[in-house]
Each structure stands twice: as structure tokens, then as C-alpha cells.
Amino acid sequence: MAILKILQYPDDRLHTIALPVAEVTDKTRALIEDMAETMYSAPGIGLAATQVDVHERIIVIDISENHNRLLVLINPEITASSGQADNEEGCLSIPGIYGKVLRAETITVKALDADGKSFVLDAEGLLAVCIQHEMDHLVGKVFVEYWSTLRQARTLAKLKKKQRRTM
Ligand code: K1U
Ligand code: ZN
């Protein structure tokens, strides 16, 4: 297993559109293990393959307190959604930046697991938020891009200032 490098906003590679996984292989499972280890060590509650510069539709999520309920979503598709909820989000690709995004309150998602088996999941609350956030990564969108241009510019300035301080 390995801890992978997480791309940091505004890296252009975060805007890459991921391709569907054609076949779930041992290589896919090795990547999933590395992604899980990377997410747990960050620490975070989710990670999309895009964030580790692999442009395939793969997500790992674990919102459990004990880090013992890993959810793997390969080729996820939202098949139904309802309601709206404004929730605070964070992102491992944009450390130190938090803010609200309006998303569907409940979703139904269809995906493949790490064995390549299809499953359907109904999600609400933090899990629904996290799945939608990670699925956005797979289409090259980061959560701050829901905000106004002015707020995005201020966020970018804040990040640049922070980067200069750590150089
Ligand atoms: O996609 C990512 O960068 C992961 C992100 C997932 C996420 C969090 C909150 C709302 C939507 C999506 C994170 O994990 S940010 C870090 C975080 O939320 C966290 C870190 C440690 C403990 C608990 C939460
Ligand atoms: Zn993120």
C-alpha cells in the first residue's frame, strides 16, 4: 500500500473528466487500497481518483467514526434525488477552505463495488453530501466552483498567500 500525492487546487489536472472503469481488475483494487490509505492518513472522509491524478471513475468514502466502513464506488451514477440541503464542505485538495454548497438532500446511487458487482445505495445527510462532492471531482469540478466569481477569487488569493508563507 502507498500514500498518494493529493493534487492541490488550482492544479489544472483537477479539471480532468474521469473515464468509466471498463473492467475491475487487481490493478483497480490496488489503486483503491492506496486511495483508502491516502484518505485515512490525510485525514478525510472521501477521495476521488481525480485527486490523486488517476482519471478513472473511482471513489472511496468512509464517514464512520472508527474508520471501519469503507465504501467503494466505481462508475457511480445518481439515479434519483430529492430535496435540497445547504451543507458545509471541505476538500483535501483545498486545505483550510470550508463553505456551504447547495446539493440534493437525498440521493440514490448505482455503482460497482471493488469486486465489480453492481449495487444500489440510498444516501442522506453527510453520506449524500460526500458522494455528490466526490462525483463532482470525477467530472472535474471542485466545490468552490459553486461559489460566486468574487468569492472564488478571494479563496484563490487566500490560498496563494498561504502558499507564499510556507515557501
Ligand atoms: O474530496 C475530498 O477532498 C474529501 C473531503 C470530503 C468531504 C468533506 C465534507 C463535505 C463534503 C466532502 C474531506 O474529507 S475534507 C476533510 C474532512 O471533512 C474531515 C477530516 C477529518 C475528519 C472529519 C472530516
Ligand atoms: Zn474534494
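Just so it is clear, the values below take in all heavy atoms, side chains as well, and ignore hydrogens, waters and symmetry mates. As the structure lists them, so they are numbered: ligands from 1, and atoms in each ligand from 1. It should be emphasised that the depicted structure is a prediction, and the values quoted were computed from it without experimental measurement.
- Of all protein heavy atoms, the one lying nearest to atom 3 (O) of ligand 1 is Leu92 N, 2.6 Å.
- At least one N/O-N/O distance between His133 and ligand 1 falls below 3.5 Å.
- Counting only heavy atoms of the protein, atom 1 (O) of ligand 1 lies nearest to Glu134 OE2, 2.7 Å.
- Looking at atom 10 (C) of ligand 1, its nearest protein heavy atom turns out to be Glu89 CA, 3.7 Å.
- One option in Ala128, Ala42, Gly44 has a heavy atom closer to atom 19 (C) of ligand 1 than any other, and that option is Gly44.
- In this comparison of Thr50, Ile45, Leu47, Leu127, the heavy atom closest to atom 17 (C) of ligand 1 sits on Ile45.
- Side-chain atoms of Asn75 come within 3.5 Å of backbone atoms of Val21 as a donor-acceptor pair (strictly under, hydrogens ignored).
- In terms of protein heavy-atom proximity, atom 20 (C) of ligand 1 is closest to Pro43 O, 3.2 Å.
- Contact annotation for atom 22 (C) of ligand 1: protein absent (non-hydrogen atoms, distance under 4.0 Å).
- Within the 4.0 Å heavy-atom criterion, neither part of Met39 lies near ligand 1.
- For Ala48, the closest heavy-atom approach to ligand 1 does not fall below 4.0 Å.
- In this structure, Glu65 places its CD atom where only 12 or fewer heavy-atom neighbours from other residues, nucleotides or ligands lie under 6.0 Å away.
- For atom 4 (C) of ligand 1, the closest non-hydrogen atom on the protein side is Gly46 O, 3.0 Å.
- Here Arg13 pairs with Asp53 in a salt bridge; the nearest charged N to carboxylate O distance falls below 4.0 Å.
- In summary, the side chains of Gln51 and Ser93 do present a donor paired with an acceptor at a separation below 3.5 Å, with no hydrogens or angles considered.
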**Request:** Step by step, work out the side chain to side chain donor-acceptor pair (under 3.5 Å) result for Thr106 and Ser82.
**Result:** CA-CA 5 Å; Thr106 65; Ser82 66; 2.6 Å; yes

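- Nearest protein heavy-atom contact of atom 9 (C) of ligand 1 is Gly90 N, 3.7 Å.
- At least one side-chain heavy atom of Glu145 sits under 4.5 Å from a side-chain heavy atom of Gln152.
- No hydrogens or angles considered: a donor-acceptor pair under 3.5 Å links the side chains of Asp62 and Ser64.
- Here Arg103 pairs with Asp136 in a salt bridge; the nearest charged N to carboxylate O distance falls below 4.0 Å.
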